[in-house]
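First up is the structure itself, then whatever we jot down about it.
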Amino acid sequence: MNIVIMGPPGVGKGTQAEAIMAERHVAYIATGTILRGAVQEGNELGLQVAALMAAGELVPDHLMMEIIKERLLRPDARDGWLLDGFPRTAPQADGLLALLDGIGQRIDRVLVLDAPDDEIVRRLGGRLTCRACGHVTNLQRVGGPPTACSTCGKDALYTRDDDSEETIRRRLEVFRERTWPAAERLGERSALVRIDGRGTPAEVKQRIAGVL
Ligand code: ADP
Ligand code: ZN
């Protein structure tokens, strides 16, 4: 099954993606994680995107298309994938649809998670990300700062550069202006389902299970 999960930052995409992955053997492709890996490595791509990401701005479409093309053509993506964080603009959506047409694939489900801005800002304010595996921990949920990642056990939790309040507001704005049109594009060709992202991860997971 080929799934695209979309939604504003902090709505819980990554958490739900992990839950979907626990039940389906598909390739998990999260562009934010790929980009942060490049920044951490300090390679050419990383140098090009670091400042944009820290400001909550989008990485240029042509770079994103190169990344996604290379990734979708790898052997492990042949038997299904879950895309998280891509597409984020209408041109990326069109580029993805053309790419998939070219390799004889299609999107089976588009999941759009949404929640009110206030809830998102509150959640992101308490978010810690694991530098080693990408797992996200929410301080409001665990009640007190954890020292190690609950997924990989490493002591590598940090607050992302782009999780400051100002940047969060900007990322939300970018989502509403630029990513909604991308979702609409995909919805013209595939089954798009809107999911209420409020409540606990388990509640949201139930909603998703009901539509997959
Ligand atoms: P979140 O959903 O929490 O905002 P991501 O980890 O998906 O975060 O993305 C972090 C940042 O990486 C984005 O704010 C943007 O700068 C960059 N990025 C990720 N995916 C894309 C994309 N498809 N197009 C452009 N920029 C992207
Ligand atoms: Zn980890």
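Read the numbers this way: they start at 1 and go in the same order the structure lists the ligands and their atoms. Since this is a predicted model, take the numbers as computed values, not measurements. Below, each value reflects all heavy atoms present in this structure, side chains not excepted, and no hydrogens, waters or symmetry copies.
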What residue and atom, counting heavy atoms only, is the protein's closest point to [atom], and at what distance?
atom	value
atom 8 (O) of ligand 1	R160 NH2, 3.3 Å
atom 20 (N) of ligand 1	T31 OG1, 2.8 Å
atom 2 (O) of ligand 1	K13 NZ, 3.0 Å
atom 15 (C) of ligand 1	E57 O, 3.6 Å
atom 12 (O) of ligand 1	M53 CE, 3.4 Å

* Asked: Under the side chain to side chain donor-acceptor pair (under 3.5 Å) test, which residues partner T167, sequence neighbours left out?
  -> S164

* Judged by non-hydrogen atoms, does R127 sit under 4.0 Å from ligand 1? -> yes

* Asked: Does G85 reach ligand 1 with a nitrogen or oxygen that is under 3.5 Å from one of the ligand's nitrogen or oxygen atoms?
  -> yes

* D84, any N or O under 3.5 Å of ligand 1 N or O -> no

Any link between [X] and [Y] through a network of hydrophobic side chains (Ile, Leu, Val, Met, Phe, Trp, Tyr) touching at under 4.5 Å?
X	Y	answer
W81	I68	yes
V11	V112	no
M53	V136	no

* **Under 3.5 Å donor-acceptor, E119 side chain and R198 backbone** => no

* From the options R170, Q92, R88, select the one whose nearest heavy atom is closest to atom 21 (C) of ligand 1. => R88

Do the non-hydrogen side-chain atoms of [X] and [Y] ever get within less than 4.5 Å of each other?
X	Y	value
V193	V110	no
M6	T179	yes
T159	T129	no

* Asked: With atoms numbered from 1 as shown, which atoms in ligand 1 lie under 4.0 angstrom from a non-hydrogen atom of R36?
  -> 6 (O), 10 (C)

* Structure fact -> ligand 1 to L35, heavy atom cutoff 4.0 Å, flagged ligand atoms 12 (O), 17 (C), 18 (N), 19 (C), 27 (C)

Counting only heavy atoms, which portion of [X] has something under 4.0 Å from ligand 1: side chain, backbone, both, or neither?
X	answer
V59	both
M6	neither
M64	side chain
R171	side chain

* Asked: Can you give me the SG-the Zn ion (ligand 2)-SG angle for C152 and C149, to 10°?
  -> 110°

* Asked: Is the distance from the Zn ion (ligand 2) to the nearest N/O/S atom of C130 under 2.8 Å?
  -> yes

* Asked: Is the number of heavy atoms from other residues, nucleotides or ligands within 6.0 Å of CZ (R170) greater than 12?
  -> yes

* **Residue pair R189 / R106: nearest heavy atoms and the distance that separates them** => O-NH2, 3.6 Å

* For a side chain to side chain donor-acceptor pair (under 3.5 Å) with R127, tell me which candidate from N138, D163, T137 qualifies. => D163

